[in-house]
Amino acid sequence: MKSIAGPLQRGAILLLCVGLLVTGWAVWSTQRTNQALLNERLRGLTAEVIELIQERFALYEYGLRGARGAVAASGGAAVTRQQFEAYINSRDSTNEFPGARGFGFIRRVPKAEVDTFLGAARADGRPDFVIRELAQNNGDRFVIEYIYPDQ
């Protein structure tokens, strides 16, 4: 009598190997599908974040362009503290420009005109106005003359 254990054993081992191969393929396929979904979602979220950042920067750009228009309408370089402040106060900066800490007006001041500029700035409503420098500068200054809200 022939033993059936040999063929059954071989069949069981073959079935186990086929099961392992099918399971391995299923795991690999699932992992690949999950990775593709993850990559697609990440691309979508990245595009969304980029769009939100661009929208936020556009808000600030609108605010700066508005300030530039107000300065131009007030006489350009002849704009006064009172005029610039009136423009800033006419805006709802907290809601229009969320996250912006303020808007300012920067004036180029040639080195030879620093004393004259300081006198005019102090006469324009800021008797304590001084120029602060991060490092010594022997050239022209670019001075934040007005900034609102006042920091």
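The shortest side-chain heavy-atom distance between I88 and Y146 does not fall under the 4.5 Å cut-off. With contacts defined as side-chain heavy-atom distances shorter than 4.5 Å, the pair N34/Q31 does not qualify. With a 4.5 Å cut-off on side-chain heavy atoms, I106 and R141 do not count as touching.
Formation of a donor-acceptor pair under 3.5 Å by the R41 side chain with backbone atoms of N39 is not found in this model. A donor-acceptor pair under 3.5 Å is formed between the side chain of S74 and the backbone N or O of A70. Using a distance-only test at 3.5 Å, with no hydrogens or angles considered, a donor-acceptor pair links the side chain of E96 to the main chain of D92. Looking only at distances, no side-chain donor or acceptor of D115 sits under 3.5 Å from a matching main-chain atom of L118. A side-chain donor-acceptor contact under 3.5 Å links Y60 to the backbone of P98.
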Quiz item: When you look at R126 and E145, which way does the salt bridge (charged side-chain N to carboxylate O under 4.0 Å, His left out) test go after all the steps?
Solution: CA-CA 10 Å; R126 287 292 300 265; E145 187 172 1; over 6 Å; no

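A centroid separation of less than 6.0 Å is found between the aromatic rings of F103 and F97.
Ring pair F129/F117 is perpendicular by interplanar angle, where above 60° counts as perpendicular and below 30° as parallel.
Dense packing is recorded around CD1 of I131, with more than 12 heavy atoms of other residues, nucleotides or ligands lying under 6.0 Å away. Counted within 6.0 Å of CD on E40, heavy atoms from surrounding residues, nucleotides or ligands total 12 or fewer; the atom is thus considered open.
Between Y87 and the choices R91, Q83, E85, the side-chain hydrogen bond (donor to acceptor under 3.5 Å, both in side chains) rule is met once, by R91.
In this structure, CZ in R68 is found 9.0 Å from CD in E61, a value given to the nearest 0.5 Å.
R108 and D140 get closest at one heavy-atom pair: NH2-OD2, 2.8 Å.
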